[in-house]
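Here's the structure we're looking at; comments come further down.
Heavy-atom basis, side chains included; hydrogens, waters and symmetry copies ignored.
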Amino acid sequence: MISGTTTLIAHLGYPTVTFKSPLIYNPWFEKKGIDAVVVPMGVKAEDYPAFFRSLFTLTNIRGALVTMPHKVTTIDLVDEISPTAAVAGAVNAVLLREDGTLVGDQFDGAGFVRGVLRKGFPLQGRKALVVGNGGVGSPIAASLAAEGVAEMGLFDPNAAASELLAQRLVTQYPRLQVTTGSKDPAGYDIVVNATPLGMNDDDPLPMDVDRISSTAFVGEVVMKQEFTPFLRAAREKGCQVQVGKDMLFEMIPAYLEFFGFGTATPEELRAVSLVRD
């Protein structure tokens, strides 16, 4: 039930037809008796800056979830960004503080890393390879660095994307060793496919699975199917794996904490979720 006391969390993006967050947050809020609601708001890119500023003049708004195509633009619309958002080059959550200032953060990577840690795979001092250094791979790399990996390999078909990400990483984490230009997974403890490859069964594999150690942790971001050909091949080698949708359900507790609504386990969220695909 929405009332005059309800706190609003805007879900900003365009188009809204793919938005799944309201189908997870709102049932959880209802079950917990929290007087808050996530509201999808479709905003085209050309209207976004003006709308964003007006949105945060509302007296009953707590913050916003930010999705495509606004994640990069939002960096210039807030007063402060987290180190993770600075490395990612994008913001996907905004909090309105009591003093009226806006802080932007980035939780795409936090969802991935939380999932890895909850599966019992420590990251401190490890070597990580992130293949795909765009809108998803960059925040994953940022969160892996924040968690204390010692070395990181970056690869993207757009070499400039890897180089720019590497520069942002070493600016925030000077002790991190970063290499670019190779997607050979040999020698890495954790290997991440952050490309769209795997959405279709006839896609080529994002890297040579034969070169992945059987002791490596292999993660995927594709959510269209649970076990992509890449993950199936890694699992057959004996690797511990993480499916793409795990990242979504691990990410939401980080958002809830950011907005001051407590926290939840992925199991609690899955239990109330109305997402059916």
Side-chain angles (χ1 to χ4, degrees), residues 87-88 108-159 161-163 165-166 169-170 173 175-251 266:
V87 173
D108 286 336
F112 183 90
V113 165
R114 282 179 177 229
V116 174
L117 295 174
R118 271 175 36 90
K119 293 174 178 67
F121 192 88
L123 292 168
Q124 187 79 28
R126 300 283 189 134
K127 295 179 64 177
L129 173 67
V130 181
V131 177
N133 304 151
V136 180
S138 292
I140 288 175
S143 292
L144 287 169
E147 196 58 39
V149 300
E151 299 180 38
M152 192 177 304
L154 303 174
F155 178 83
D156 194 279
N158 176 6
S162 298
E163 293 298 333
L165 175 56
L169 280 165
V170 296
Y173 305 98
R175 299 178 65 180
L176 179 66
Q177 297 182 40
V178 183
T179 60
T180 63
S182 173
K183 61 177 180 178
D184 181 0
Y188 286 98
D189 303 305
I190 180 166
V191 176
V192 185
N193 172 36
T195 77
L197 294 175
M199 294 186 69
N200 304 301
D201 277 331
D202 57 355
D203 285 343
L205 295 180
M207 65 194 80
D208 185 354
V209 177
D210 290 338
R211 299 278 291 167
I212 300 176
S213 168
S214 62
T215 61
F217 189 105
V218 178
E220 175 70 271
V221 303
V222 171
M223 297 187 191
K224 187 176 180 182
Q225 54 179 323
E226 187 170 33
F227 285 96
T228 60
F230 175 60
L231 281 190
R232 292 199 298 268
R235 192 169 57 171
E236 287 170 4
K237 287 199 66 172
C239 297
Q240 189 174 0
V241 302
Q242 176 164 282
V243 302
K245 194 167 282 189
D246 283 356
M247 186 170 69
L248 173 64
F249 285 95
E250 293 282 358
M251 188 190 317

Self-check item: Separation of Phe112 CZ from Arg114 CZ (nearest 0.5 Å)
Solution: 14.5 Å
Quiz item: Would a distance-only check, ignoring hydrogens and angles, find a side-chain to backbone donor-acceptor pair under 3.5 Å from Thr195 to Gly132?
Solution: no
Practice problem: Only counting residues at least two apart or in another chain, list the ones meeting side-chain contact (heavy atoms from CB on, under 4.5 Å) with Arg211. | Solution: Asp184, Pro185, Ala186, Asp208
Self-check item: Straight-line distance of Asn158 CG to Glu163 CD, nearest 0.5 Å
Solution: 10.5 Å
Contacts under 3.5 angstrom, residues 226-234 side chains, donor-acceptor by atom type, not counting sequence neighbours:
unit_1 : atom_1 : unit_2 : atom_2 : d
Thr228 : OG1    : Glu220 : OE2    : 2.7
Thr228 : OG1    : Leu231 : N      : 3.2
Arg232 : NH1    : Phe227 : O      : 2.7

Exercise. Applying side chain to side chain contact (heavy atoms under 4.5 Å, CB included) between Lys237 and each of Val209, Thr215, Val218, report the one that passes.
Key: Val209
Self-check item: Minimum heavy-atom distance Cys239-Ala216, with the two atoms named
Solution: CB-O, 3.4 Å
Quiz item: Can you name the nearest heavy-atom pair linking Ala194 to Val130, along with the distance?
Solution: CB-CG1, 4.3 Å
Quiz item: Going through the distances and angles, do Asp246 and Lys119 end up as a salt bridge (charged side-chain N to carboxylate O under 4.0 Å, His left out)?
Solution: CA-CA 11 Å; Asp246 283 356; Lys119 293 174 178 67; 3.0 Å; yes
Exercise. Check whether any side-chain N or O of Ser138 sits under 3.5 Å from a backbone N or O of Asn133 as a donor-acceptor pair, and report yes or no.
Key: yes
Quiz item: Nearest 0.5 Å, what's the CG-NZ distance between Leu129 and Lys183?
Solution: 10.0 Å
Quiz prompt | Note, Leu205 side chain near Leu197 side chain (heavy atom, < 4.5 Å) | solution = no
Self-check item: Side chains of Arg118 and Pro266 in contact at under 4.5 Å (non-hydrogen atoms)
Solution: yes
Quiz prompt | Cation-pi geometry met for Arg126 and Phe217 (6.0 Å, 45°) | solution = no
Anything under 3.5 Å between a donor and an acceptor, one on a side chain of residues 140-154, the other on a protein residue two or more places apart or in another chain? List them.
unit_1 : atom_1 : unit_2 : atom_2 : d
Ser143 : OG     : Ala110 : N      : 3.1
Ser143 : OG     : Pro139 : O      : 3.3

Quiz item: Of the non-hydrogen atoms in Ala166 and Val178, which two are nearest, and what is the gap between them?
Solution: CB-CG1, 3.7 Å
